[in-house]
Protein chains: 2
Amino acid sequence: MADLRRKTGPSRPLGELTEALRRGERRVTGPRLAILQVLREHRRPLSNKEVLALLPQGYCDLATVYRSMHLLRRLGLVQRFDVGDGVARHELRDAGHDGHHHHLVCRRCAQVVAIDCCLLEEVERELSRHSGYQALQHRLEFTGICPDCQQR
Amino acid sequence: MADLRRKTGPSRPLGELTEALRRGERRVTGPRLAILQVLREHRRPLSNKEVLALLPQGYCDLATVYRSMHLLRRLGLVQRFDVGDGVARHELRDAGHDGHHHHLVCRRCAQVVAIDCCLLEEVERELSRHSGYQALQHRLEFTGICPDCQQR
DNA sequence: GTGATTGCAAAAATTTTGCAAATTC
DNA sequence: GAATTTGCAAAATTTTTGCAATCAC
């Protein structure tokens with residue numbers, strides 16, 4: 001499922017990522033760079049242990065991976081996935097994450113259609129009124145079978 | 001959008017649930033009955049600790065709640081949700097439809113509100129017409145800051 | 001009675017944290 | 001030089017498991 005979400009094309013340049021760190025007034029350290037490299041090269045949800053294993057032998061501590069992942073998530077660079085086995089996984093997000101939008105993904109071929117408009121602003125306002133929750137955000141993903149795949 | 005929040009009334013009759021246990025050749029025990037009662041009365045994703053706390057004082061062991069929840073999941077009676085705080089939650093599934101609905105999760109305390117109606121059936125139809133995709137499904141999750149956390 | 005189920009306690013596994021030393025800016 | 005970040009070890013959680021006692025059928 002995670003693979004279906006992935007957009008084709010190269011991942012974000014490392015420079016952009018370190019830039020995001022600096023914007024957040026965080027330091028660009030060896031471990032953080034290395035972790036970002038791993039995430040760039042393996043674009044699927046990785047557990048922290050997997051990330052550690054993909055780093056040069058003994059390069060950094062598991063605790064550092066945990067801390068870095070928290071940071072990257074706060075900065076919006078990474079998205080967390082819970083697959084249902086009690087282990088958190090993280091995946092690098094695509095560049096356009098500030099421009100909020102949704103995707104429609106084919107479950108067969110993973111072709112992606114971007115949905116430009118955000119469909120849920122009105123719903124969000126209503127929901128906030130009814131629930132008392134504030135600062136609402138949402139994450140919406142559609143899947144289906146694309147026209148091409150329907151013919152096969 | 002009148003009533004977004006799930007009505008808290010009991011759902012599936014208890015008899016139907018114990019029936020499912022028997023069909024699975026599992027025994028109907030006190031702890032299992034009590035856990036099912038709790039799930040029937042609180043129809044939102046509950047952690048195992050929450051379930052235990054909602055049972056009569058000292059009524060059963062946390063390990064039993066874990067084991068029961070595994071069983072109920074294998075039997076398809078409950079659905080597991082991972083909200084992103086490292087704690088698994090379970091919710092009773094509805095008999096009739098697939099149990100599809102959405103959640104509103106507090107980003108601070110992970111408290112969950114179930115949203116009874118599916119907001120996107122109409123959107124899905126529109127989207128299907130415009131994109132040509134078929135058999136659409138979606139996953140939608142709202143997050144926000146719950147009223148309690150707003151005060152802290 | 002037989003076999004599944006429970007409680008208890010102990011173990012596993014994941015994640016977080018305190019603090020001195022090292023690193024980045 | 002100041003402040004953040006790291007490693008290490010220890011702690012805190014969440015979840016699982018072994019086993020004798022108990023319970024459902």
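Throughout, protein chains are lettered first and strands after them, A, B, ... in sequence-line order, and every chain is numbered starting at 1.
- Minimum heavy-atom separation, B:Pro45 to B:Phe81: CG-CD1, 3.8 Å.
- Rounded to whole Å, the distance from NZ on B:Lys49 to P on D:dT13 is 7 Å.
- One can place OH of A:Tyr66 at 14 Å from C1' of C:dT17, the figure rounded to the nearest angstrom.
- Of the side-chain N and O atoms in A:His70, one or more sit less than 4.0 angstrom from OP1 or OP2 of C:dT16.
- Rounded to a whole Å, the CG atom of A:Leu36 is 13 Å from the P atom of D:dT5.
- Regarding A:Glu19, its CD atom lies at a distance of 12 Å from the P atom of C:dC25, rounded to whole Å.
- Residue pairs meeting the salt bridge (Lys or Arg N to Asp or Glu O under 4.0 Å) criterion with at least one member in residues 62-75 of chain B, sequence neighbours excluded, do not occur.
- In DNA chain C, consecutive stretches of 3 or more Watson-Crick or G-U wobble pairs with both distances under 3.5 Å are given as paired ranges: C:1-25 with D:1-25.
- Listed here is the closest heavy atom pair of B:Arg27 and B:Arg32: O-NH1, 2.9 Å.
- Residues A:Thr64 and A:Pro31 come closest through the heavy atom pair CG2-CB, 3.8 Å.
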**Complete:** With B for base contact, S for sugar-phosphate-only contact and - for none (protein heavy atoms under 4.0 Å), nucleotides 5-12 of chain C reads SBBB----
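- For the pair A:Arg74 CZ and C:dT16 P, the computed distance is 11 Å after rounding to whole Å.
- Between the P atom of D:dT4 and the CZ atom of A:Arg22 lies a distance of 17 Å, rounded to the nearest Å.
- Shown here for A:Leu39 and A:Met69, the closest heavy-atom pair between the two residues is CD1-SD, 4.2 Å.
- Residues B:Val87 and B:Leu62 fall into different hydrophobic clusters, defined by Ile, Leu, Val, Met, Phe, Trp and Tyr side chains chained together at heavy-atom separations under 4.5 Å.
- When all heavy atoms of A:Ala34 and A:Leu55 are compared, the pair lying nearest together is CB-CD2, 3.5 Å.
- Between B:Leu46 and B:Glu50, the closest heavy-atom pair is CA-OE1, 3.4 Å.
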